[in-house]
There are 2 protein chains.
Amino acid sequence: MNTASADEPRWLSDEEQRTWRAYIHATTLLDDHLDRQLQRDAGMPHIYYGLLVGLAEAPRRRLRMTELAMKAKITRSRLSHAIARLEKNGWVRREDCPSDKRGQFAVLTDEGYEVLMRSAPGHVAAVRQAFFDRLTADQQKALGEAMLIIAEGLQPEGAGADLPWLR
Amino acid sequence: MNTASADEPRWLSDEEQRTWRAYIHATTLLDDHLDRQLQRDAGMPHIYYGLLVGLAEAPRRRLRMTELAMKAKITRSRLSHAIARLEKNGWVRREDCPSDKRGQFAVLTDEGYEVLMRSAPGHVAAVRQAFFDRLTADQQKALGEAMLIIAEGLQPEGAGADLPWLR
DNA sequence: GGCACTTGCTTGAAGTATCAACCTCTACAA
DNA sequence: TTGTAGAGGTTGATACTTCAAGCAAGTGCC
């Protein structure tokens, strides 16, 4: 006789519980930690910092809103609000897209670039201290691979064109 | 001659970059995914669900505010607001601590327990689908161990009594 | 007791996130 | 053309988070 009936959900085993809780705890603590670090040292939350990085890496330091949202894995709405805030800081500027009148570019300003350069060393140090310095090379590799799988699983597997996950 | 000067930060290598971005992407997507799943199916964000779980596991389904905050890895302030909201839903109730008049217990109500029982299967299914089902046993093990290390590193290593991380 | 210091928890304001509604523009076809 | 469906992006209301400030009760010490 099978212990699991058809409508009885497959609960997590003790081992899985431990894994899942370790994951939740680590991500909660690390997220908070980096948010505070950047809020203190750069005056913005972690995800905003990521937006500046995304722009800094792009050609001409600019990206269409939707592209940036995809890069950062956030919704367009969230990005819109975030860019509004960064614009108020003078770190990003919006520019109309010449070829598509609906489109907007987010452009990293010189001032934004400065802020990024100024805060990057401290942030990298924080990431090293909390993350890389504590893991062996093998652990880093394994974790990276696992995370890649998780991320891929939650993205619109098919296209890059249609973006259901941005709802 | 060494390429890294004393004040030049140790930037992330390409390999480290990939690992770190995979981590950020996976956690961002998974966090959003589970928040939406629970908001839709249980009417609360992921972390609130975790609070109910914490209470359900505790003796007499109650925990001191500070203990619950520690369990959930959040600040007391955040917990205070969260419990206020859950109280409004009738899922949690506050109770005075008899032995310490400053103290408060958060108590899971029957109604809160019901909500938890009702939404747990769907949530476990979502976690399995997004996380466990995609990883091999070895990957789960490695990831769990790495996450445990990260979490431990961000906690007040020393005591359980003083809680500097709760600021 | 009286004093200072700490712990436990809450509060309000300001910042950020989410969701649904909305507007404009593009693409495409009748 | 005109219609229409969809894409690109914004907005406002509501919910949640954060931070600093606050208050009341416990603790230690004279």
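A, B, ... follow the sequence lines: proteins, then strands. Residue 1 opens every chain.
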How would you label the contact of B/R94 with the nucleic acid (heavy atoms, under 4.0 Å): base, sugar-phosphate, or nothing?
-> sugar-phosphate
Check whether any side-chain N or O of A/R85 sits under 4.0 Å from OP1 or OP2 of C/dG15, and answer yes or no.
-> no
Is B/R61 close to B/D110 at the side-chain level, that is, under 4.5 Å between some pair of heavy atoms?
-> yes
Go through the N and O atoms of the side chain of B/S77 and the base of D/dC19, and report whether any donor-acceptor pair is under 3.5 Å.
-> yes
Would you please confirm or rule out a distance under 4.0 Å between OP1 or OP2 of D/dG9 and any side-chain N or O of A/T66?
-> yes
Rounded to the nearest Å, what distance is computed from the CZ atom of residue A/R76 to the P atom of nucleotide C/dT16?
-> 22 Å
Find the distance B/D31:CG to C/dT16:C1' and express it as a whole number of Å.
-> 14 Å
Integer-rounded Å distance: D/dT17 P and A/R36 CZ | 12 Å
Does A/R64 put a side-chain nitrogen or oxygen below 4.0 Å from OP1 or OP2 of D/dA7?
-> no
Euclidean distance, atom CG of residue B/L68 to atom P of C/dC9 [Å, nearest integer] | 10 Å
Report the residue (B/D32 or A/R102) whose heavy-atom-nearest nucleotide on DNA chain C is the more 5′ of the two.
-> B/D32
Would you mind telling me which of D/dA25, C/dT10, C/dA17 lies closest to the side-chain atoms of A/I47?
-> C/dA17
Just checking B/D35: base, sugar-phosphate only, or nothing, at a heavy-atom cut-off of under 4.0 Å?
-> nothing
Hey, what's the ring geometry for A/Y49 with A/H46, parallel, tilted or perpendicular (30° and 60° as the breaks)?
-> tilted
Gap separating the CG atom of A/D35 from the CG atom of A/D31, nearest 0.5 angstrom = 5.5 Å
Separation of D/dA15 C1' from B/R78 CZ (nearest whole Å) | 13 Å
Separation of D/dT10 C1' from A/D100 CG (nearest whole Å) = 15 Å
Identify whether any heavy atom of A/Y48 sits under 4.0 Å from a base atom; if not, whether one sits that close to sugar-phosphate; answer base, sugar-phosphate or nothing.
-> sugar-phosphate
Mapping A/L79 and A/Q39 onto DNA chain D by nearest heavy atom, which one lands closer to the 5' end?
-> A/L79
B/Q37 CD to C/dT18 C1', straight-line distance once rounded to whole Å | 16 Å
Per the atom types in the model, does the base of C/dT18 pair as donor or acceptor with the side chain of A/H81 at under 3.5 Å?
-> yes
Only one of A/R64, A/R60, A/R62 clears salt bridge (charged side-chain N to carboxylate O under 4.0 Å, His left out) with A/E95; which?
-> A/R62
Would you say the side chain of B/T75 and the base of D/dT17 hold a donor-acceptor pair, judged only by whether the two atoms sit under 3.5 Å apart?
-> no
Using atom CZ of A/R40 as one end and atom P of D/dA20 as the other, report the distance to the nearest whole Å.
-> 11 Å
Determine, for B/E15 against A/K141, whether the closest basic-nitrogen to carboxylate-oxygen distance falls under 4.0 angstrom.
-> no
